Amino acid sequence: MATLEKLLHDRLASAFEAVAGQPADPTLRRSQHADFQADGALPLARQLGRKPRDIAADVVRAARLDDLCASVEISGPGFINLTVANEALAPLLAGMSRDERLGVQPAAVPDTVVVDYSAPNVAKEMHVGHLRSTVIGDAAVRLLDWLGHRVIRANHLGDWGTPFGMLIEHLLDIGESEAAHELSLGDLNTFYQAARAKFDADDTFKERARTRVVALQSGDEQTRRLWRLLVDESEKYFLAVYDRLDVCLTEKDFAGESFYNDMLVPVVEELDRLGLLRDSDGAKVVFPEGFTNREGDPLPIIVQKRDGGFGYGATDLAAIRYRTQELDATRLLYVVGLPQRQHLEMVYEAAKEAGWLKPPARAAHIGFGSVLGPDGKIFRTRAGDTIKLVVLIDEAVARAAALIEQKNPDLDESTRVEVARMVGIGAIKYADLSNDRTRDYVFDWKRMLSFDGNTAPYLQYARARILSIFRRGEVTPVRDLAAITVAEPAERALAIELLAFEGVVVEVAESLEFHRLANYLYGVSTAFTAFYEKCPVLRAEGQVRQSRLALSDLTARVLGRGLGLLGIGTPDRM
RNA sequence: GCGCUCGUAGCUCAGCGGAUAGAGCAGCUGCCUUCUAAGCAGUUGGUCGCAGGUUCGAAUCCUGCCGAGCGCGCCA
């Protein structure tokens with residue numbers, strides 16, 4: 001579907017080409033001075049040796065814009081200010097309204113995308129760091145899926161490695177039933193810390209743990225059974241958290257580190273065959289091109305440790321090979337914290353050198369910053385005073401419930417519970433997704449649960465008010481109008497905002513910068529509330545009423561869809 | 001030491017080379033016999049860390065400095 005911005009861009013592009021004698025970017029964007037502005041004349045001035053205003057004038061003359069624009073003006077040093085004609089908006093809005101997908105086409109060339117996210121550790125509590133990976137990954141899954149890509153969710157569970165010796169020994173100490181009890185309660189910190197404490201304090205326990213790791217790795221049956229118990233109980237717990245958080249992850253999506261165990265030997269062998277494997281201090285390593293350490297020496301990925309055990313680099317390489325070769329993935333997304341950036345880049349580079357990651361397949365690190373406390377310092381994982389994710393969720397929902405009770409006491413009990421869930425969870429997710437993910441963000445109970453300003457509840461509320469109009473007026477949305485006419489400034493502003501939906505969605509599908517979608521939706525909401533104040537819907541008559549109803553309905557759908565892509569629920573009343 | 005981020009209003013953040021740098025919160029002023037006031041309208045508040053450079057044009061790109069955070073071989 002041709003969107004407004006695309007139409008304007010194409011018309012201007014051909015005019016610019018005619019004037020410049022070669023393709024030139026109109027550099028079209030939204031403007032405070034008009035609906036849109038095109039700044040392309042300015043960079044051409046030097047090139048063409050002419051005044052930018054004259055170039056702009058020629059472009060305006062050459063451009064066919066009369067069916068789209070009510071006015072086209074040149075201002076300042078040579079900006080072309082475009083005001084879109086109301087008559088041009090009407091059919092575009094009607095087209096969008098008619099379309100189930102709100103004007104967003106499925107991807108022309110669908111990718112097979114593996115989204116690697118969440119990745120909690122067995123027998124360890126999920127905390128705010130997992131929140132980021134889970135929430136961002138979930139949004140990526142929802143968005144890419146909606147755009148018609150084949151999405152594979154990969155929950156890279158931390159279910160292998162040396163800690164399992166100590167965890168299994170601790171499990172034996174307290175007894176299987178007690179262990180299962182603690183784990184099923186989600187009391188993972190207690191379990192893990194008790195094991196850790198013994199490991200640090202007791203040398204014989206430490207020795208038992210070491211022996212147990214060897215038994216686990218050599219496939220000892222009894223040990224494997226105990227390990228499985230730990231993993232199963234933890235998975236059950238994580239699934240309960242996912243359910244509570246309303247994210248797409250299921251039991252089928254667990255593909256933990258252990259999943260790649262059988263591939264590690266073949267991976268090392270293949271690296272060796274390819275001549276990429278080096279011996280360094282007894283360890284088998286790969287030196288990917290372009291990475292050096294503090295002395296300027298090549299920086300290695302440790303594939304196999306001196307003791308014969310495999311490093312996480314081996315698992316990561318095996319995962320890439322599996323994903324591109326077995327799953328036929330063309331796009332690999334790693335929703336992992338920013339500190340691991342260099343490691344991931346090294347792995348990508350090594351995978352390229354091994355031929356496991358070649359175009360069109362590509363890998364990207366969807367990195368995110370740390371979660372900071374109100375004091376501006378990083379939440380310490382090991383200090384023990386991290387906030388458990390479940391506690392956070394419960395608190396958010398409880399606060400939302402209290403607020404709903406206060407604001408809208410008329411809601412019946414079951415509605416209130418459901419709304420509290422959507423509002424509380426939505427607030428948490430939106431607080432995360434509305435910030436640039438590459439930056440740290442301050443985790444602040446008060447702000448996160450404040451329902452004013454740029455928050456999920458504000459957007460949810462805007463949508464709920466729209467549905468309320470339809471309930472009140474006892475009308476059902478009509479979606480097959482030939483045209484949605486707009487006249488008032490508030491209507492126009494809303495209309496132009498709505499028509500930008502496709503562009504934002506397409507851009508975010510590539511950048512995975514969800515705060516752009518969040519900010520867009522916030523803009524839609526503020527545009528709507530302004531419209532809501534100034535333009536009565538039900539009290540309007542005839543075609544104006546029809547158009548306003550349709551515009552309201554379209555807004556509700558954009559908000560519902562947009563928030564849905566972010567994994568945020570939208571209550572019909574609140 | 002090397003590398004990667006970041007430094008924008010009192011606070012939390014947008015701004016991916018373009019006009020007088022924008023929001024929300026907090027503060028101040030108004031607005032509920034009219035579709036949910038979890039709202040709206042207005043207002044106060046900024047040498048965009050500092051100094052150079054590139055450019056017709058820099059918060060945005062480059063260099064240096066100051067400050068904060070993170071990463072840099074057998075943990076993941």
Side-chain angles (χ1 to χ4, degrees), chain A residues 27 29 31-33 37 39 42-43 45-46 51-52 75-79 81 119 121 156 158 160-163 257 280-285 291-297 299-307 309-313 315-316 336-343 345 367 369-370 372 376-378 400 403-404 406-408 410 423 431 434-436 438-442 444 446-447 450-455 457-458 460-462 464-473 507 511 513 515-516 518-519 522-523 526 529-530 532-540 548-549 552 573-574:
Chain A
T27 55
R29 61 190 180 93
S31 175
Q32 302 172 12
H33 305 277
Q37 68 182 68
D39 304 339
L42 285 89
R46 171 176 288 255
K51 288 180 182 161
S75 80
F79 303 116
N81 287 350
N121 294 311
H156 200 77
W160 203 251
T162 45
E257 292 162 347
S280 176
D281 297 336
K284 291 177 179 167
V285 304
F291 296 90
T292 52
N293 69 2
R294 65 190 81 184
E295 273 83 41
D297 299 328
L299 205 54
I301 298 173
I302 293 174
V303 180
Q304 196 165 12
K305 297 182 281 186
R306 213 176 335 180
D307 66 6
F310 295 97
Y312 55 90
T315 309
D316 287 336
V336 175
L338 241 19
Q340 292 193 53
R341 182 167 150 169
Q342 190 184 42
H343 164 70
E345 278 174 356
S370 307
L372 308 177
K377 290 184 179 171
I378 294 179
L403 226 91
I404 290 155
Q406 176 199 328
K407 299 283 183 188
N408 197 347
D410 298 338
V423 170
S434 60
N435 280 313
D436 181 344
T438 63
R439 297 182 48 167
D440 296 349
Y441 84 95
V442 174
D444 185 318
K446 193 159 169 275
R447 190 170 299 112
S450 155
F451 296 160
D452 295 315
N454 185 9
T455 63
Y458 177 86
Q460 291 168 322
Y461 180 61
R465 284 168 116 184
I466 296 169
L467 299 204
S468 173
I469 293 174
F470 287 94
R471 270 197 306 274
R472 265 304 183 91
E507 192 279 317
S511 71
E513 291 175 349
H515 73 290
R516 294 182 189 281
N519 285 342
Y522 180 58
T526 53
T529 48
Y532 184 87
E533 295 289 324
K534 293 190 182 102
C535 305
V537 177
L538 293 174
R539 281 188 287 118
R548 287 181 180 171
L549 280 169
S552 300
R573 63 181 80 213
M574 58 194 286

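The analysis underlying the following values was restricted to heavy atoms, covering all of them including side chains, and did not include hydrogens, waters or symmetry mates. Below, chain A is the first sequence line, B the second, and so on; all start at residue 1. Quantities reported herein were computed from a predicted structural model and do not represent experimental measurements.
A/Pro536 comes within 4.0 angstrom of a base, heavy atoms only. Counting non-hydrogen atoms under 4.0 angstrom, A/Glu507 reaches a base of the nucleic acid. Residue A/Asp436 is classed as a sugar-phosphate contact, given heavy-atom separations below 4.0 Å to backbone atoms only. Across all strands shown, A/Val537 has heavy atoms under 4.0 Å from base atoms, whether or not it also approaches the sugar-phosphate. Across all strands shown, A/Gln340 has heavy atoms under 4.0 Å from base atoms, whether or not it also approaches the sugar-phosphate. As judged by a 4.0 angstrom heavy-atom cut-off over every strand, A/Phe291 is placed among residues making no nucleic acid contact. Among the heavy atoms of the strands lying under 4.0 Å from A/Thr529 are primed sugar atoms or P, OP1, OP2 only; no base atom is included. Using a 4.0 Å heavy-atom criterion, one finds that A/Ala462 contacts no nucleic acid atom at all. A/Asn81 comes within 4.0 angstrom of a nucleotide base, judged by non-hydrogen atoms across all strands.
Contact of A/Ser75 with B/A19 (side chain to base): a donor-acceptor pair of N or O atoms is detected under 3.5 Å. Put simply, the side chain of A/Gln37 and the base of B/A19 share a donor and an acceptor less than 3.5 Å apart. In terms of polar N and O atoms assigned as donor or acceptor, the side chain of A/Ser280 comes within less than 3.5 Å of the base of B/G73 in a complementary pairing.
Side-chain N/O atoms of A/Lys305 include one lying less than 4.0 angstrom from OP1 or OP2 on B/C75. Applying the 4.0 Å criterion to OP1 and OP2 of B/C25, one finds that A/Tyr458 has every side-chain N and O outside that range. A close approach under 4.0 Å does occur between a side-chain nitrogen or oxygen of A/Arg516 and OP1 or OP2 of B/G15. Listed pair A/His515 / B/G15 meets the phosphate criterion, a side-chain N or O lying under 4.0 Å from OP1 or OP2. A/Arg439 has a side-chain polar atom (N or O) that falls below the 4.0 Å cut-off from OP1 or OP2 of B/A14.
In this structure, the nucleotide among B/A38, B/U36, B/G73 sitting nearest to the side chain of A/Ile404 is B/A38.
Note: CG (A/Leu338) to P (B/C72) measures 13 Å, nearest angstrom. In this entry the distance linking CD of A/Glu513 with C1' of B/G15 reads 12 Å, nearest Å.
Taking syn as a glycosidic angle within 90° of 0, B/C32 qualifies as syn.
Applying the 6.0 Å contact sphere to CZ of A/Arg471 captures more than 12 heavy atoms from other residues, nucleotides or ligands.
Of the two residues contacting RNA chain B, namely A/Gly158 and A/Val442, the nearest-nucleotide position lying further toward the 5' end is that of A/Val442.
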